[in-house]
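Side chains included, hydrogens not; waters and symmetry mates left out as well; all remaining heavy atoms used.
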Amino acid sequence: MAKHIFVTGGVASSLGKGLTASSLGRLLKSRGLRVTMCKLDPYINVDPGTMNPFEHGEVFVTEDGGETDLDIGHYERFIDESLLKHSNATTGSIYSSVISKERRGDYLGKTVQVIPHVTDEIKERILLQDDGHVDVVITEVGGTVGDIESLPFLEAIRQMRKEVGRDNVCYVHLTLVPHIGPGGELKTKPTQHSVTELRSRGIQPDVIVCRSDQPLGPDVKRKISNLCDVPIEAVISALDAPSIYQIPLALYEEGMDDYICAILGFDTAKFPAQLNAWRQLVEREMTADRTVRIGIIGKYVNLTDAYMSVVESLHHAGIYHHANIAIEWVQAEEVDAVRNPDQLKGLDGIVIPGGFGNRGVEGKIAAAKFARENFVPCLGLCLGLQTMIIEFARSVAGLQGANSSEFDENTSYPVIYLMPSQYDVTDKGGTMRLGSYKANLLADSQVAKAYGETIVSERHRHRYEVNPEYRPILEKAGLVCSGTSPDERLVEFIELPGHPYWIATQAHPEFKSRPDKAHPLFASFIQAALDRSEGRRPHIIDPENLDSIPNK
């Protein structure tokens, strides 16, 4: 039976519960423990799939097609495990399941209540993570202690202690210790109030992680220890870090994983932490001696969390190449290559990420044109592929006015279209191609050289596809459809011969990148951008070396 760690947060939102939980997962995995993670979200949406990115940031997609919270992406990147749709449960999905059971008569006519029916459903979701092949399940409870929405989840994790045994449960509470006033005093009162609120729900934290911009001295730790009823070694100082990948090392130095292993009965002598590779990764990131400027042409740049996985994938590629990635956020609606031709000059590479709806699409198309004509490395992701197809169709293939039927139902040349078989699906989520799909790559293509193989699998999240009717016209004009679905009906990758890097995919490769395993497409893209920045001829990097950080 797996042990359970529950991570809660107090005082304020966005303190970093997800990163704290992910870092703890990395530390435990470094000890040889088998770790999985899940997120309980209090919002009533069934999943974040239909939420505006400005509301909730990125929608992370799992291998099995789950549309999940962006923290699932942090989990995967830190523990290097592919999670599944059941790794994220929301209030909406919990109540939907409870109501379905009630309608089927599963409750035998009983009055359906929050306790026990809703809390039992939450516990079922938590226990579902233990497939018999894990040692530890780390569960993050979203929201902040004291929120009305979080109450059923807190009650459920309180009950878990009795159900699986006290020795199999550890409660970790993340709080804020602000640095206030001219005297520079760290204030512990918010932490005291937050722990009091948590204890009022029947949960005594075993570990208190204190976010602050100043280190917690012994006196502050002792004060929190005395007033919150935890040993002083259970008060963990979590300073702001220059890089999120430094967090596991900072928590390790505080002894957090040692203490939690002792609580859960893991022999730390038997499971010593092996962090040399992670230290080398952080060292490589911190000592990068060259910089490359990458423009992200986005629709949601006012909330950069909407592109969390893209940003992290670029940084992973930067770590691989020992380079700093200087991201330039470019609002797609403001890109106008005709009236402002110098707008994108100075960039070493351009990324055109995914999105939905027609806002900013013409700006993305203009950016694709700029990159193609000026030989700027360009990587298109999902909608990025579609806008690059539209640009090529208009500018090179002679299909004036070409567009996607998503943006112009009356276009004469719908080079991007909604597949006919999908029209009879009325559920908005039902029209999506979600999750992992395989693609066959042309043997001598740029993408095949980047991947080092001709059969790949990537995650998808989209409704519209390249219209096969126009594929012969585009290919005759010089575009190479370098990757297709196994049945060859769907275009998965495109590239442009003679261009240093004008490549796009219908998938979202950013979901599979790891800090110590840069994704081949991002690694090859950053290589091309560095070649441009440093005046070298473009070349394709060796994909065989992507599993470890190279010694450059």
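Between D106 and R104 there is a salt bridge, since at least one side-chain N of the basic residue sits less than 4.0 Å from a carboxylate O of the acidic one. A salt bridge links K39 and D71; the closest N-O separation between the charged side-chain nitrogens and carboxylate oxygens is under 4.0 Å. A salt bridge is absent between R459 and D64: the closest approach of a Lys/Arg side-chain nitrogen to an acidic carboxylate oxygen does not fall below 4.0 angstrom. At a threshold of 4.0 Å, the pair E102-K110 does not count as salt-bridged, since none of the basic side-chain nitrogens sits closer than that to a carboxylate oxygen. Using a cut-off of 4.0 Å between Lys/Arg side-chain N and Asp/Glu carboxylate O, R161 and E163 are scored as not salt-bridged. Contact check on E254 versus K221 returns a salt bridge, with a Lys/Arg side-chain nitrogen under 4.0 Å from an Asp/Glu carboxylate oxygen.
Taking 4.5 Å as the limit, some side-chain heavy atom of I138 sits within range of a side-chain heavy atom of V35. At a threshold of 4.5 Å between non-hydrogen side-chain atoms, the residues F522 and L381 count as touching. Using a 4.5 Å cut-off on side-chain heavy atoms (C-beta onward), V137 and M37 make no contact. Considering only heavy atoms from C-beta on, L198 stays 4.5 Å or farther from Y171 through its side chain. In this structure, the side chains of V114 and E155 stay at 4.5 Å or more apart for every pair of heavy atoms. Annotation: side chain of V136 is not in contact with side chain of K29 (no heavy-atom distance under 4.5 Å). Inter-residue side-chain proximity for L40 and E140 is flagged as unmet; no heavy-atom pair is nearer than 4.5 Å. Counting heavy atoms from C-beta outward, F525 and I294 have side chains that approach closer than 4.5 Å.
Residue-environment remark: CD (Q204) exceeds the threshold of 12 foreign heavy atoms within 6.0 Å. Around NZ of K101, the count of heavy atoms belonging to other residues, nucleotides or ligands within 6.0 Å exceeds 12. The 12-atom threshold is exceeded at CZ of R166, counting heavy atoms of other residues, nucleotides or ligands nearer than 6.0 Å. The 12-atom threshold is not exceeded at CD1 of I44, counting heavy atoms of other residues, nucleotides or ligands nearer than 6.0 Å.
A donor-acceptor contact under 3.5 angstrom links the side chains of E492 and H460, judged on distance only. Between T287 and H322, the side chains place a donor N or O and an acceptor N or O closer than 3.5 Å (distance only, hydrogens not considered). When only modelled atom types and interatomic distance are considered, Q274 and S30 share no side-chain donor-acceptor pair under 3.5 Å. The closest side-chain donor-acceptor pair between E458 and Y451 falls under 3.5 angstrom. Checking S82 against E63 by side-chain atom types alone, no donor-acceptor pair falls below 3.5 Å. With no hydrogens or angles considered, no side-chain donor-acceptor pair links S313 and H519 at under 3.5 Å. Neither side chain, D47 nor N88, offers a donor N or O lying under 3.5 Å from an acceptor on the other. For the residue pair R77 and S309, a side-chain donor N or O sits within less than 3.5 Å of a side-chain acceptor on the partner.
Looking only at distances, no side-chain donor or acceptor of S194 sits under 3.5 Å from a matching main-chain atom of P190. The main-chain N or O of S457 is found under 3.5 Å from a side-chain atom of K512 such that the two form a donor-acceptor pair. Between the T119 side chain and the P116 main chain, a donor and an acceptor come within less than 3.5 Å of each other. For D257 (side chain) and L27 (main-chain N/O), no donor-acceptor pair under 3.5 Å exists by modelled atom type. A donor-acceptor pair is defined here as one N or O able to donate and one able to accept, closer than 3.5 Å; such a pair exists between the side chain of T196 and the backbone of Q192. Side-chain atoms of K17 come within 3.5 Å of backbone N or O of G143 as a donor-acceptor pair. The main-chain N or O of I319 is found under 3.5 Å from a side-chain atom of R284 such that the two form a donor-acceptor pair. A donor-acceptor pair under 3.5 Å is formed between the side chain of Y307 and the backbone N or O of Y300. Looking at S100, its side chain does come within 3.5 Å of a backbone N or O of S96 through a donor-acceptor pair. A donor-acceptor contact shorter than 3.5 Å is absent between the side chain of T175 and the backbone of G10.
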TODO: Show your reasoning for whether side-chain contact (heavy atoms from CB on, under 4.5 Å) applies to V207 and V230.
DONE: CA-CA 7 Å; V207 177; V230 297; over 6 Å; no
Open item on the list: Applying salt bridge (Lys or Arg N to Asp or Glu O under 4.0 Å) to K438 and E453, what does each step give before you reach the verdict?
Closed with: CA-CA 12 Å; K438 289 184 177 180; E453 52 189 320; over 6 Å; no
Open item on the list: Let's go through V301 and V330 carefully: what are the C-alpha distance in whole Å and the side-chain angles of both, what is the deciding distance for side-chain contact (heavy atoms from CB on, under 4.5 Å) to 0.1 Å, and is it a yes or a no?
Closed with: CA-CA 7 Å; V301 297; V330 181; over 6 Å; no
TODO: Test E253 against R279 for salt bridge (Lys or Arg N to Asp or Glu O under 4.0 Å), laying out the working first.
DONE: CA-CA 12 Å; E253 292 300 322; R279 285 195 176 95; 3.8 Å; yes
- [ ] Determine, step by step, whether C170 and K3 satisfy the side-chain contact (heavy atoms from CB on, under 4.5 Å) criterion, reporting the C-alpha distance in whole Å, the side-chain angles of both residues, the deciding distance to 0.1 Å, and the verdict.
- [x] CA-CA 8 Å; C170 177; K3 310 279 189 175; over 6 Å; no
Open item on the list: Quick one, S243 with E285, criterion side chain to side chain donor-acceptor pair (under 3.5 Å). Give me CA distance, side-chain angles, the key distance, then yes/no.
Closed with: CA-CA 9 Å; S243 163; E285 180 184 24; 2.7 Å; yes
- [ ] Quick one: do R211 and D240 satisfy salt bridge (Lys or Arg N to Asp or Glu O under 4.0 Å)? Show the steps, please.
- [x] CA-CA 7 Å; R211 278 296 306 274; D240 297 343; 2.6 Å; yes
TODO: Please step through salt bridge (Lys or Arg N to Asp or Glu O under 4.0 Å) for the pair E76 and K517, ending with a clear verdict.
DONE: CA-CA 12 Å; E76 286 204 3; K517 297 177 184 176; over 6 Å; no
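Closest of all the heavy-atom pairs between D206 and A234 is O-CB, 3.2 Å. V220 and T188 get closest at one heavy-atom pair: CG1-CG2, 3.8 Å. Of all heavy-atom pairs between L176 and T191, the closest is O-OG1, 3.3 Å. A pairwise comparison of heavy atoms in G298 and P353 identifies CA-CG, 4.4 Å as the closest pair. Nearest heavy atoms, Q246 versus P242: OE1-CD, 2.8 Å. The shortest heavy-atom contact between I79 and G25 is CG2-C, 3.6 Å.
Y95 pairs by the ring-ring contact (aromatic ring centres under 6.0 Å, His included) definition with nothing, not counting sequence neighbours. With sequence neighbours left out, E328 forms a side-chain hydrogen bond (donor to acceptor under 3.5 Å, both in side chains) with R293. Y43 pairs by the ring-ring contact (aromatic ring centres under 6.0 Å, His included) definition with H56, not counting sequence neighbours. Y259 pairs by the ring-ring contact (aromatic ring centres under 6.0 Å, His included) definition with nothing, not counting sequence neighbours.
The ring pair (Phe, Tyr, Trp, His ring centres under 6.0 Å) pairs that include a residue from residues 57-87 are F60-F511, F78-Y245, F78-W278, where partners are two or more places apart or lie in different chains. Applying the ring pair (Phe, Tyr, Trp, His ring centres under 6.0 Å) rule to pairs touching residues 97-116 yields Y107-H117, sequence neighbours excluded.
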